[in-house]
Number of protein chains: 2
Amino acid sequence: MKKQTGAGRAPNIRDVAARAGVSHQTVSRVLNGSDRIRESTRQSVLDAIKATGYRPNSAARALVTRRSGLIGVLSTHQNAHYGPQTMQIAMERTARQAGYQLVLVSTSGERGAVDSAIERLLALDVEALIVLAPRTEVYRALAGVEARVPVLALDSSRREGASNVAVDQFLGSRLATRHLIDLGHKEIVHVGGPQDWIEAEERMQGYLFELGEAELEVTPPILGELSADFGYLAGRDLLRGRRFTGIVAINDQVAIGLLHAFREAGADVPARISVVGFDDIPEAAHIPPGLTTVRQDFVAVGERVVEAALAEIVSGAPSGAILLEPTLEVRGSTAPPTDAGWWASRPLS
Amino acid sequence: MKKQTGAGRAPNIRDVAARAGVSHQTVSRVLNGSDRIRESTRQSVLDAIKATGYRPNSAARALVTRRSGLIGVLSTHQNAHYGPQTMQIAMERTARQAGYQLVLVSTSGERGAVDSAIERLLALDVEALIVLAPRTEVYRALAGVEARVPVLALDSSRREGASNVAVDQFLGSRLATRHLIDLGHKEIVHVGGPQDWIEAEERMQGYLFELGEAELEVTPPILGELSADFGYLAGRDLLRGRRFTGIVAINDQVAIGLLHAFREAGADVPARISVVGFDDIPEAAHIPPGLTTVRQDFVAVGERVVEAALAEIVSGAPSGAILLEPTLEVRGSTAPPTDAGWWASRPLS
DNA sequence: ATCACCGATGAGAACGGTCACATCTCATCC
DNA sequence: GGATGAGATGTGACCGTTCTCATCGGTGAT
């Protein structure tokens with residue numbers, strides 16, 4: 001079947017051995033860098049490898065060693081975002097340097113889909129499972145699986161049997177909210193993310209916590225997607241029926257949409273409305289008037305989670321939770337509130 | 001070593017067979033959906049599978065079938081962008097529906113790194129190789145590898161032995177440039193991408209082609225990275241020493257940076273300068289004054305390339321080149337040029 | 001009744017590595 | 001000079017599947 005120049009099948013370790021005039025085991029030793037090999041022998045084996053075009057078969061190796069060299073990543077469809085992507089790249093690099101590869105499976109949030117995604121990864125004999133899709137449904141599915149491998153989640157919810165690496169979303173949201181409060185804002189609205197997304201929940205809790213601390217009135221948050229399109233719609237809705245001077249947005253994309261809606265309505269940011277984003281995407285500084293946002297070190301998270309995974313693969317013991325601290329990046333979209341908010345100029349109808 | 005409840009090792013096909021009172025081969029038949037199985041037998045096997053918690057070993061299966069079920073994706077570090085990420089998600093979904101998984105290896109552009117990345121993927125027995133990193137260095141490395149598997153590239157450069165699926169970058173850039181020309185612009189500058197990035201080259205060629213057609217003067221392009229930060233720097237440079245009324249930017253991020261620089265300098269867009277981006281990222285419509293840009297259907301590209309890969313896996317024959325057409329998305333950042341460009345208000349020093 | 005045939009199932013050999021253990025070759029020591 | 005031991009290499013089993021081919025029981029044609 002397999003088309004190929006020359007022989008009918010790929011050369012294996014015994015072909016190399018025959019050519020080098022040694023046993024297959026000696027070839028294996030050279031391949032695995034054993035030091036009990038005479039230099040001249042090693043050389044002739046290496047020559048034979050090159051001459052035959054031999055390439056080790058990882059399936060065979062995985063079969064006997066029970067180590068696939070794979071780390072599974074469970075992701076979601078909606079991850080065309082800066083954060084997950086940046087983490088993924090950092091994870092890949094870290095894994096590669098340790099001799100591992102990343103296998104990606106993404107899933108919609110639906111019940112059966114998550115189960116089968118996990119099943120697929122486990123069937124591949126991944127040595128660790130990293131959950132880049134911190135959604136409640138994913139955890140429900142994980143709980144039902146008796147995983148023989150370390151499971152690590154990229155959020156700060158401590159789960160039975162799963163380690164965590166994450167940026168402290170609760171803290172980040174507190175920083176954002178506190179920043180507005182410190183500026184003097186009293187009417188602060190939260191535009192939040194999908195309810196089944198764990199970090200969205202944490203961010204909302206941080207917002208609520210600071211409002212509680214400052215004894216400010218809580219108005220119902222608006223929950224939706226993580227896109228600029230949604231932010232734009234939310235912004236129009238807000239202008240139509242709310243009193244507020246500050247907004248804590250679930251992420252920068254949503255904040256961008258909000259800015260759009262406010263600009264369109266003539267509600268100047270930051271003169272009349274202050275907006276805080278989350279993530280510090282690379283464009284945040286370039287979008288007028290410069291987006292104040294919570295910066296997360298996604299690269300560090302990606303590196304840490306893989307390091308933790310590798311450690312667990314070796315030790316077999318969970319590595320616990322690692323929580324990184326976000327920082328606030330203050331730019332032009334936040335300022336002290338005016339005496340009256342935006343609605344003073346355009347009273348509610 | 002491996003911690004586990006109950007037995008010392010994972011159940012295999014013979015354990016299931018013993019429990020069901022059949023031969024291991026019968027279990028294998030049930031697993032592979034053979035129709036030559038009596039219904040009652042199938043049921044008892046399925047029961048035994050459930051009872052033992054059996055999970056097929058993909059390494060063993062891959063060893064004998066020589067099909068790993070993996071598709072390798074060669075990517076670059078700098079891919080924290082909307083396009084590659086969107087394609088990757090679409091690729092993963094399409095592959096998964098066909099029973100394949102994506103293995104991701106990314107690489108810096110350096111010589112040795114690319115070679116080893118390819119080597120790693122081939123060692124994993126990937127059944128096809130998709131190149132999401134259309135850089136010249138990657139092609140050099142690919143040429144040196146005798147790949148026994150289909151190679152597909154996500155750009156429109158036709159290479160020996162590799163199929164292509166791509167959006168026509170040349171055409172896209174022509175659309176962008178032509179749009180400015182049609183509006184009446186005569187002094188149009190290109191802010192381009194990295195020179196070793198194949199699509200950047202094609203976009204520049206499209207720009208040059210249309211300028212030639214219209215017999216307009218070509219000024220030296222500015223080449224750099226694909227980030228808003230770079231766009232901002234490039235914008236400041238341009239304002240300092242060039243005469244122009246229109247800009248064709250290599251992508252939307254760069255365009256966002258340009259807009260920032262122009263806004264800062266008081267050079268109104270689109271009144272004095274028109275800007276066209278590329279990609280149509282989801283934020284493009286929300287950034288003032290709305291970014292005119294070239295829209296690419298990344299999802300379609302991702303789907304098509306995997307479909308082509310699957311077809312090649314089956315047929316063994318290259319599927320040739322597929323070229324999708326981009327479209328122009330006209331928004332607020334482009335308009336007819338004023339009689340004099342931005343420099344009329346702030347003459348060059 | 002015999003036999004070819006077919007559907008259902010079983011038995012054993014691959015696949016290409018690594019592991020555990022055996023063997024061989026010398027230099028070293030008493 | 002033979003026992004000893006360590007380094008270098010070889011031998012065969014085994015990992016968990018699927019593949020090929022054999023077997024078995026029943027059925028319809030002869």
message = How many whole angstroms separate atom CD1 of A/Ile49 from atom P of C/dG17?
response = 10 Å

request  = Would you tell me if any nitrogen or oxygen in the side chain of A/Ser28 comes within less than 4.0 Å of OP1 or OP2 on C/dT18?
outcome  = yes

query = Would you say the side chain of B/Gln88 lies within less than 4.5 Å of the side chain of B/Val73, judging by non-hydrogen atoms?
reply = no

B/Val64 vs B/Gln25, nearer the 5' end of DNA chain C by closest nucleotide = B/Gln25

key: DNA chain C: 5'-proximal contact among B/Ser23 and A/Asn57 (nearest heavy atom)   = B/Ser23

message = So, OP1 or OP2 of D/dG16: does either fall under 4.0 Å of a side-chain N or O from A/Arg66?
response = yes

query = With a 4.5 Å limit on heavy-atom distance, are the side chains of B/Ile37 and B/Thr26 in contact?
reply = yes

query = Across the strands shown, which category fits A/Leu31 at heavy-atom distances under 4.0 angstrom: base, sugar-phosphate, nothing?
reply = nothing

note = Between A/Arg14 and A/Arg42, whichever has its closest DNA chain D nucleotide further toward 5' is A/Arg42

message = Whole angstroms only, please: what is the OH-P distance between A/Tyr54 and C/dG16?
response = 10 Å

request  = Look at the side-chain N and O atoms of A/Asn12 and state whether any lies under 4.0 Å from the OP1 or OP2 oxygen of C/dG17.
outcome  = no

query = If you check the B/His24 side chain, which of C/dA11, C/dC15, C/dT18 turns out closest?
reply = C/dA11

query = Is the shortest heavy-atom distance from the side chain of A/Leu74 to the side chain of A/Thr107 under 4.5 Å?
reply = yes

ask   = Is any side-chain N or O of A/Thr41 closer than 4.0 Å to OP1 or OP2 of D/dT9?
value = yes

message = Quick check on A/Arg140: does its CZ atom have over 12 non-hydrogen neighbours (other residues, nucleotides or ligands) under 6.0 Å away?
response = yes

task = Return the value, rounded to whole Å, for the distance between atom CZ of A/Arg36 and atom P of D/dG7.
result = 5 Å

ask   = Can you check the A/Leu63 CG to C/dC19 C1' distance for me, whole Å?
value = 13 Å

query = Over how many whole Å does the gap from B/Asp15 atom CG to D/dC15 atom P extend?
reply = 11 Å

query = Quick one: is A/Arg61 getting a side-chain N or O under 4.0 Å of the C/dG16 phosphate, OP1 or OP2?
reply = no

ask   = Taking CZ from B/Arg67 and P from D/dT18, how many angstroms apart are they, rounded to a whole number?
value = 11 Å

request  = Ignoring backbone atoms, test whether A/Arg29 places a side-chain nitrogen or oxygen under 4.0 Å from the OP1 or OP2 oxygen of D/dG10.
outcome  = no

ask   = Looking at B/Thr65, does any N or O in its side chain come under 4.0 Å of the phosphate oxygens OP1/OP2 on D/dC19?
value = no

Donor-acceptor pair between A/Ser319 and A/Glu312 side chains, under 3.5 angstrom = yes

task = Could you check which of C/dT9, C/dT18, D/dG16 has an atom nearest any side-chain atom of A/Ile13?
result = C/dT18

query = Which pair of non-hydrogen atoms, one from A/Leu154 and one from A/Met87, has the smallest distance, and what is that distance?
reply = CD1-SD, 4.2 Å

Atom-pair distance (CD1 on A/Ile37; C1' on D/dG10), nearest Å = 11 Å

ask   = Any side-chain N or O of A/Arg38 less than 4.0 Å from the OP1 or OP2 oxygen of D/dG7?
value = no

